[in-house]
Amino acid sequence: GARAAPPPRSSRSMTLRRVCFASWSTAATRGFTAWRIPLQQFSSVNVGQPSFETHPHLMQQGELTPGFSAAEYAHRRARLVDTLPPNSVALFAAAAPVHLPNTIIPYPAYRQDADFAYLTGVTQPGVVGMVQVGKTRGESKYTLFVPPKSKHSDVWNGPRISVEAAVGHFASDEAHEIVGDNMANVITSAVASARGGVFLDEGVLRFDDSIRATLGTAAKRPPQAFRPVVHQLRWVKSSAELLAIRKSVNADIEGFKEAMRWSIDGTDEHEVGARHEFVTKRNGAQRLAYPSVVASGPGALVVHYAAMDKLMRDGELLLMDAGCERNGYVSDITRTWPVSGAFTTAQADVYEAVLDAHAACVAAARVGVSLHELHQISVSVLQDGLRNLGVGSPLSKGGNGVTQNIQKFYPHSVGHWLGMDTHDTPTVSTQTPLTAGNAFTIEPGLYFPLDAADVPHSLQGIGVRIEDNLAVNHRGAVEVLSEALPVHRREVEQFLRELRS
């Protein structure tokens, strides 16, 4: 590709820019509702990302990002303010852009840090956010620090957020360009008065390392971690978020149908993955949620199998673990099916053992039960399954065989939180009881190594995982979002026949 020329040197030093209004001193005390410019007054030229005016096929009027209104983002920041102590400051940063190795070429489809995206709706790099909490909620202030205007950057990377757009479109109370010491000076002033503490996402330090010294001298106490605070907010999804996850799951299901249709004898694993990816994007996904696992035969024994370079053969199982990201929310589904369309006896036995654990966990999932408890249920059921399969010796619970060796055949947990990230809100313990608004996975599995002395020969090389995406709706009921993709063995075989007919 073309190589960028060095940016021109400015003949003058850039100065701090603040968006000012007629009565700013009064407006600054009015919290998140102060002096808004209607969203429709800004185009993508100065907003730096899609808006309703430029992308009406993606967004509705009043939305800041597809499916999410500006009011929802303001509500999220208000919840953050309610969570933080009075007279405190929270600092958080956009994700650093990733470049192709040994180049200055940005990696395609920049992905925003989930915490930053959740609070701001900004899907661009180079931005820092700050929320200052006063004595009362009305005294709180939301500030964005944005990259300086640059014609050179506009030519090579396209238009991006400006201070005007930060206030008028993204609803910040104040905005500054990141030039010289501007950001450090503003943050220093905020931190110096933050008697309630500073909550820091350390990504902020990438922008100006002098902030580290500021936090060491001006702060009243050492900074506290910001991510656990926002993870508690993100862990409980709104109705709009649950709908976004459902739409992501639906796009993923369509991709799985295409993969199952084409996963026949002699097909390359990579092709099946590519067909899945294409269909998810045709159904609105922007990217995969993570690198897909398309593992035929003994490849299924590798939990994060990435090679995808084999030809699948009749007589083998295909384990596919794939998800997509659609409008900021992800799906994460796994299915295992026979390439030929029919399970062998040994494959069916292993599959049924995993399906029993899957069904037990889905049945047990409800408000008040934790993912840790669901994992213990999966272990118990899979132990019985291993005994019935003749795996391990001696074959008794509590002995030195099945119980001790369960991790050898089942090396991962039964599930994780789901949302803006595949392994969402990781600081929220899996021992936390489920509550309304949670989304999570259930994914038991069994994997039998080749040449394992304690595994019957007929089972060696078989790997099975079954993963569904679930959510607790706001009525407190658990829904299996991915239930349209069959899991029962006979239904899987029938589904394959229908897809391939």
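Predicted model only: the values in this text are computed from it and were never measured.
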Does atom CD of Glu479 have more than 12 heavy-atom neighbours, drawn from other residues, nucleotides or ligands, at distances under 6.0 Å?
-> yes

Phe278 six-ring face occupied by Arg275 cation (under 6.0 Å, within 45°) = no

Could you tell me whether Asp82 and Arg77 have a side-chain N and a carboxylate O separated by less than 4.0 Å?
-> no

Does any N or O in the side chain of Gln286 come within less than 3.5 Å of the main-chain N or O of Gly284, such that one atom is a donor and the other an acceptor?
-> yes

Go through the side-chain N and O atoms of Ser370 and Glu373 and say whether any donor and acceptor fall under 3.5 Å apart.
-> yes

Glu254: what forms a side chain to side chain contact (heavy atoms under 4.5 Å, CB included) with it, not counting sequence neighbours?
-> Lys257, Val279, Asn283

Under a 4.0 Å N-O cut-off, is there an ion pair linking Glu325 with Arg111?
-> yes

Indicate, with yes or no, if the rings of His231 and Phe226 have centres closer together than 6.0 Å.
-> no

For His474, does the NE2 atom have more than 12 heavy-atom neighbours from other residues, nucleotides or ligands under 6.0 Å away?
-> yes

Hey, is the main chain of Ala95 close enough, under 3.5 Å, to the side chain of Gln112 for a donor-acceptor pair?
-> yes

Salt-bridge test for Lys149 and Glu177: reply yes if a basic N is under 4.0 Å from a carboxylate O, no otherwise.
-> no

Is there a donor-acceptor pair under 3.5 Å between the side chain of Ser193 and the backbone N or O of Ala190?
-> yes

What is the ring orientation for Trp156 with His152, classed by angle as parallel under 30°, tilted 30 to 60°, or perpendicular over 60°?
-> tilted

Counting only N and O atoms by type, is there a donor-acceptor contact under 3.5 Å from the side chain of Glu241 to the main-chain atoms of Ser238?
-> yes

For Asp468 and His358, what are the C-alpha separation, side-chain angles and deciding distance, and is it a side chain to side chain contact (heavy atoms under 4.5 Å, CB included)?
-> CA-CA 9 Å; Asp468 272 315; His358 174 274; 2.8 Å; yes

Check the side chains of Ser378 and Tyr410 for a donor-acceptor pair under 3.5 angstrom, ignoring hydrogens and angles.
-> yes

Identify whether the distance between the nearest side-chain nitrogen and carboxylate oxygen of Arg287 and Glu277 falls below 4.0 Å.
-> no

Can you say whether the rings of His423 and His416 are parallel (under 30°), tilted (30 to 60°) or perpendicular (over 60°)?
-> parallel

Does Arg160 use its side chain to pair, donor to acceptor, with the backbone of Asp154 at less than 3.5 Å?
-> no

Salt bridge between Asp252 and Lys247, side-chain N to carboxylate O under 4.0 Å?
-> no

Is the Lys NZ or Arg CZ of Arg246 less than 6.0 Å from the centre of Tyr329's six-membered ring, within 45° of the axis?
-> no

Candidate pair Val249 and Ile333, rule side chain to side chain contact (heavy atoms under 4.5 Å, CB included), full reasoning | CA-CA 8 Å; Val249 169; Ile333 298 172; 4.2 Å; yes

Counting only heavy atoms not in Arg206, do more than 12 fall under 6.0 Å of its CZ?
-> yes

Mutual orientation of the aromatic rings belonging to Phe145 and His176 [parallel < 30°, tilted 30-60°, perpendicular > 60°] | parallel

